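Source: prediction; values computed, not measured. Chain naming here is simple, since letters A, B, ... match the order of the sequence lines and numbering starts at 1 in each.
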Amino acid sequence: AQSVAQPEDQVNVAEGNPLTVKCTYSVSGNPYLFWYVQYPNRGLQFLLKYITGDNLVKGSYGFEAEFNKSQTSFHLKKPSALVSDSALYFCAVSNRDDKIIFGKGTRLHILP
Amino acid sequence: DSGVTQTPKHLITATGQRVTLRCSPRSGDLSVYWYQQSLDQGLQFLIQYYNGEERAKGNILERFSAQQFPDLHSELNLSSLELGDSALYFCASSVWTGAEAFFGQGTRLTVV
């Protein structure tokens with residue numbers, strides 16, 4: 001069965017500093033990995049995905065994520081955080097032809 | 001705008017009642033997912049349909065049921081409602097199973 005773990009309920013980062021939101025996964029076969037962001041009272045917005053190829057994936061709003069197969073991780077990163085990045089971030093995993101399972105979410109606070 | 005439409009946006013109903021939530025997927029998307037989001041449970045996968053057929057089932061209660069119609073819209077039926085069913089219900093769609101999903105704005109259900 002697929003599963004996703006986001007070990008941090010909340011991450012606080014000062015504006016301008018690099019940020020990392022952690023995600024580890026468990027899936028049989030090759031994983032499809034995703035990051036989504038949710039702003040208050042809104043649906044989830046797709047940020048980026050990894051299916052195959054380069055382990056460093058670039059997405060929307062300057063975010064990127066690094067796939068590490070040996071550590072079964074897919075951490076979300078951004079070189080310089082903005083206050084407007086404050087939101088709830090979800091990591092998700094799928095096995096091709098299977099459902100998408102989400103982690104519990106990490107609340108990111110960017111401090112001015 | 002993700003292209004996924006959910007109605008209604010808000011619903012307030014009494015315990016014991018039955019409600020129907022509706023979802024229109026993005027044009028061309030064959031896969032529809034339903035998720036429940038509550039404060040303490042994160043984003044829980046309920047059920048997935050692909051081109052009219054049930055594809056995967058998650059933590060969906062027996063009081064809940066869903067279907068996907070020939071025009072690919074989907075409905076989630078919640079019956080014998082309890083206070084604990086109060087949550088945000090999201091629909092998402094993707095072009096094929098396992099591809100990135102795009103979310104609607106959600107239906108906020110309040111059971112009183």
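By the criterion of side-chain heavy atoms lying less than 4.5 angstrom apart, applied directly or through intervening Ile, Leu, Val, Met, Phe, Trp or Tyr residues, A/Ile100 is not grouped with B/Leu46; the two fall into different hydrophobic clusters. Under the 4.5 Å side-chain heavy-atom criterion for grouping Ile, Leu, Val, Met, Phe, Trp and Tyr, B/Phe90 is connected to A/Phe34 within one hydrophobic cluster. The hydrophobic cluster containing B/Ile60 also contains B/Val32, counting ILVMFWY residues as joined when their side-chain heavy atoms lie under 4.5 angstrom apart, directly or transitively. Placement of B/Leu109 and B/Ile47 within a single hydrophobic cluster is found when ILVMFWY residues are connected by side-chain heavy-atom separations under 4.5 Å, directly or transitively. By the criterion of side-chain heavy atoms lying less than 4.5 angstrom apart, applied directly or through intervening Ile, Leu, Val, Met, Phe, Trp or Tyr residues, B/Tyr89 is grouped together with B/Leu61 in one hydrophobic cluster.
Residue contact with chain A, scored on non-hydrogen atoms closer than 4.5 Å, involves the side chain of B/Ala56 exclusively. When heavy atoms are compared at a cutoff of 4.5 Å, B/Ala99 approaches chain A solely by way of its backbone atoms N, CA, C and O. For B/Tyr50, no part lies near chain A; criterion is any non-hydrogen pair under 4.5 Å.
Against chain B, the residues from residues 45-72 of chain A that qualify, each with a non-hydrogen atom under 4.5 angstrom away, are A/Phe46, A/Lys49 in number order.
Ring-centre distance between B/Phe103 and A/Tyr39: not below the 6.0 Å cut-off.
Atoms CD and OH, on B/Glu100 and A/Tyr32 in that order, are 10.5 Å from each other to the nearest 0.5 Å. Interatomic distance, NZ of A/Lys99 versus OG of B/Ser31, reported as 12.0 Å (0.5 Å rounding). Atoms CG and CZ, on A/Leu44 and B/Phe102 in that order, are 12.0 Å from each other to the nearest 0.5 Å.
Enclosure of atom CZ in A/Arg107 is not indicated, since only 12 or fewer non-hydrogen atoms of other residues, nucleotides or ligands lie within 6.0 angstrom. Within 6.0 Å of CD in A/Gln10 there are more than 12 heavy atoms belonging to other residues, nucleotides or ligands. The number of heavy atoms from other shown groups lying within 6.0 Å of CG (B/Asp71) is above 12. Counting non-hydrogen atoms of other residues, nucleotides and ligands closer than 6.0 Å to CZ of B/Arg63 gives a total above 12.
At a threshold of 4.5 Å between non-hydrogen side-chain atoms, the residues B/Leu43 and A/Ile101 do not count as touching. The closest side-chain heavy-atom distance from A/Gln38 to B/Gln37 is below 4.5 Å.
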Let me see the working for B/Phe45 and A/Phe102 under side-chain contact (heavy atoms from CB on, under 4.5 Å), right down to the final yes or no.
CA-CA 8 Å; B/Phe45 169 72; A/Phe102 286 79; over 6 Å; no

